[in-house]
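Counting convention: from 1, in listed order, for ligands and their atoms alike. Positions are given from 1, in the same order as the sequence printed here.
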Amino acid sequence: MSALLEISGLCVSHARGTQRFLALEQVGFALEAGEVLAVVGESGSGKSTLLASIPRLFADPESRIEAGSIRLAGRELAGLPEDQLRALRGSSIGLVFQDAQAALNPVLRVGMQVTEGLSAHAADALALLARVGLPEPARAAAAYPHQLSGGMRQRALLALALARRPKLLLADEPTSALDPVLGREILALLCGAAEREGMGLVLVTHEIGLALRHAQRVAVMYAGRIVEIASAAELARQPRHPYSAALLAADPARTRRGERFAAIPGSAPAAGEHRSGCAFAPRCARARERCTRERPLLESGCACFFPLEVRP
Ligand SMILES: Nc1ncnc2c1ncn2[C@@H]1O[C@H](COP(=O)(O)OP(=O)(O)O)[C@@H](O)[C@H]1O
Ligand code: SF4
Ligand SMILES: [Mg+2]
């Protein structure tokens with residue numbers, strides 16, 4: 001059986017002035033139905049570009065897919081005409097982004113918006129609103145988006161996305177605008193729904209701790225590439241790529257009290273900055289001569305010439 005989502009060799013460029021640069025290079029992974037894949041990495045690593053490229057909803061119409069394949073349930077999306085892709089958005093592909101205010105229709109009551117999205121088999125809007133943890137679903141359904149708090153709006157957006165029963169749900173930092181406790185609750189809801197409904201979920205977060213807690217697998221991105229992809233359990237136990245190890249060490253949630261927060265030295269390359277060899281080399285304590293000469297490719301889940309040893 002083929003995977004729900006299969007991406008391979010994906011290269012995406014953004015325009016900057018009259019120039020173009022590759023924001024994604026040779027990105028590939030597969031996602032099964034019911035599986036949660038988290039995508040982590042510092043800001044600017046290409047996480048949002050990756051999510052936007054799947055339904056081809058780029059913020060800038062100049063952005064484009066240069067190469068590669070995106071297959072959803074066996075159907076190729078890269079190169080699919082815009083009208084066919086539009087039909088898939090919201091039906092087969094659900095989207096939950098950070099800004100619920102912008103995603104909800106401001107002049108329609110929340111309940112109406114959820115009902116509009118309901119497929120024939122789904123539960124009714126009130127039940128869905130209750131399921132995403134809205135304490136007073138009837139009141140929320142009757143409200144306009146601006147009458148709800150940020151957390152309530154985010155839950156309503158979630159209900160809206162789930163009402164359409166997408167095969168694939170794409171969530172880009174869906175909780176980063178919320179307080180951490182509420183954020184974790186909503187992530188747990190999302191991941192629970194994915195498992196229950198057999199929906200694939202790609203969850204972007206810049207917090208590796210959240211990724212490890214909620215996802216089955218984690219893809220670590222750096223400078224437009226996946227540098228490591230592993231099960232959450234493996235990654236937590238033994239990261240192999242030096243960048244994954246640095247991200248884990250820099251996660252405040254994993255730093256014990258009294259220990260110093262280990263920020264990653266240096267900074268990620270600027271957009272379009274091109275260098276030969278491994279993009280992480282200038283910040284990598286393990287870098288050797290080969291790293292500045294040759295580019296490591298993602299092989300057996302890790303793109304590094306000198307990965308950290310796997311503990312027996
Ligand atoms: N619409 C755009 N036009 C030009 N550059 C962009 C655009 N969107 C993102 N970028 C650049 O592409 C790179 C990847 O950005 P993004 O995918 O937003 O990363 P992330 O979500 O991981 O923070 C960054 O260098 C960013 O500045
Ligand atoms: S390839 Fe070299 S520079 Fe890059 S992460 Fe591995 S050891 Fe570090
Ligand atoms: Mg982003």
Legend entry - Nearest-0.5 Å distance, CD of residue Glu294 to CD of residue Glu289: 9.5 Å

Legend entry - Numbered atoms and elements of ligand 2 in range of Ala287, under 4.0 angstrom, heavy atoms: 3 (S)

Inset, instruction - Any atoms of ligand 2 less than 4.0 Å from a non-hydrogen atom of Cys291? List them with their elements. - result: 1 (S), 2 (Fe), 3 (S), 7 (S)

Inset, instruction - Classify the side-chain pair Gln84/Arg75 by whether it contains a donor and acceptor separated by less than 3.5 Å. - result: yes

Inset, instruction - Can you measure from NE2 (His14) to CZ (Arg20) and round to the nearest 0.5 angstrom? - result: 9.5 Å

Inset, instruction - Write out the residue and atom name of the closest protein heavy atom to atom 19 (O) of ligand 1, then the distance separating them to 0.1 Å. - result: Gly46 N, 3.2 Å

Inset, instruction - Output the list of atoms in ligand 2 that are nearer than 4.0 Å to some heavy atom of Arg286, sorted by atom number. - result: 7 (S)

Inset, instruction - Could you list the atoms of ligand 2 found under 4.0 angstrom from a heavy atom of Cys284? - result: 3 (S), 5 (S), 7 (S), 8 (Fe)

Inset, instruction - Check whether NZ of the Lys or CZ of the Arg Arg290 lies under 6.0 Å from the centre of the six-membered ring of Phe305 and within 45 degrees of that ring's axis. - result: yes

Inset, instruction - Fit a plane to each ring of His146 and Tyr144, take the angle between them on a 0 to 90° scale, and name the class: parallel (under 30°), tilted (30 to 60°) or perpendicular (over 60°). - result: parallel

Legend entry - Heteroatom test (N, O or S) for Cys304 near atom 4 (Fe) of ligand 2, limit 2.8 Å: no

Inset, instruction - May I ask you to list the atoms of ligand 2 that are less than 4.0 angstrom from any heavy atom of Phe305? - result: 1 (S), 6 (Fe)

Legend entry - Residue-ligand contact Phe58/ligand 1, heavy atom below 4.0 Å: no

Inset, instruction - Among all protein heavy atoms, pick out the one at the shortest distance from atom 4 (Fe) of ligand 2; state its residue, atom name and that distance to 0.1 Å. - result: Cys278 SG, 2.4 Å

Legend entry - Cation-pi, Phe21 ring and Arg16 (6.0 angstrom, 45 degrees): yes

Legend entry - Polar contact flag, side-chain donor to acceptor under 3.5 angstrom, Glu234-Ser231: yes

Inset, instruction - Provide, to 0.1 Å, the distance between atom 18 (O) of ligand 1 and the closest protein heavy atom, together with that atom's residue and name. - result: Ser48 CB, 3.7 Å

Inset, instruction - Considering heavy atoms of the protein only, find what lies nearest to atom 22 (O) of ligand 1 and give residue, atom and distance to 0.1 Å. - result: Lys47 NZ, 2.8 Å

Inset, instruction - Identify, for atom 20 (P) of ligand 1, the protein heavy atom at the shortest distance, and state residue, atom and that distance. - result: Gly44 N, 3.5 Å

Inset, instruction - Using heavy-atom distances, let me know which of His14, Glu62, Arg16 sits nearest atom 6 (C) of ligand 1. - result: His14

Inset, instruction - With heavy atoms of His241 as the reference, note each atom of ligand 2 found under 4.0 Å away. - result: 5 (S)

Legend entry - atom 26 (C) of ligand 1 protein-contacted, heavy-atom criterion under 4.0 angstrom: no

Inset, instruction - Output, in order, the C-alpha distance, side-chain angles, deciding distance and verdict of side-chain contact (heavy atoms from CB on, under 4.5 Å) for Leu235 and His241. - result: CA-CA 10 Å; Leu235 195 68; His241 196 283; over 6 Å; no

Legend entry - Side-chain donor or acceptor of Lys47 paired with backbone N/O of Glu42 under 3.5 Å: yes

Inset, instruction - Determine whether the side chains of Ser69 and Glu76 contain a donor N or O and an acceptor N or O closer than 3.5 Å. - result: yes

Inset, instruction - Report yes or no: does a heavy atom of Gly41 sit under 4.0 Å from some atom of ligand 1? - result: no

Inset, instruction - Could you tell me if any non-hydrogen atom of Ala15 lies under 4.0 Å from any atom of ligand 1? - result: yes

Legend entry - From Val218, Val27, Val202, residue fulfilling side chain to side chain contact (heavy atoms under 4.5 Å, CB included) relative to Val39: Val202

Legend entry - Polar protein atoms near the Mg ion (ligand 3) [N, O or S; cut-off under 2.8 Å]: Ser48 OG

Inset, instruction - Would you name the heavy atoms of Leu170 and Pro55 that are closest together and state the gap between them? - result: CD1-CD, 3.7 Å

Inset, instruction - May I ask you to list the atoms of ligand 2 that are less than 4.0 angstrom from any heavy atom of Ala281? - result: 3 (S)

Inset, instruction - Drop me the distance from Leu37's CG to Leu203's CG, to the nearest 0.5 angstrom. - result: 8.5 Å

Inset, instruction - Report whether Ile264 and Leu308 are members of the same hydrophobic cluster (ILVMFWY, side-chain heavy atoms less than 4.5 Å apart, transitive linking). - result: no

Inset, instruction - Would you kindly specify which portion of Ala59 sits under 4.0 Å from ligand 1, judged on non-hydrogen atoms: side chain, backbone, both or neither? - result: neither

Legend entry - Cationic N near anionic O, under 4.0 Å, Arg213 to Glu207: no

Inset, instruction - Mark up the atoms of ligand 1 that fall under 4.0 Å of a heavy atom belonging to Thr49, in ascending order. - result: 14 (C), 15 (O), 16 (P), 17 (O)

Legend entry - Hydrophobic cluster identity match, Leu22 and Ile54, side-chain contacts under 4.5 Å: no

Legend entry - Enumerated ligand 1 atoms positioned under 4.0 Å from heavy atoms of Phe21: 5 (N), 11 (C), 12 (O)

Inset, instruction - Can you establish whether the number of heavy atoms outside Glu195 located under 6.0 Å from its atom CD is more than 12? - result: no

Inset, instruction - May I ask you to list the atoms of ligand 1 that are less than 4.0 angstrom from any heavy atom of Ser43? - result: 23 (O)

Legend entry - Per-atom contacts, ligand 1 versus Asp60 - under 4.0 Å to a heavy atom: 1 (N)

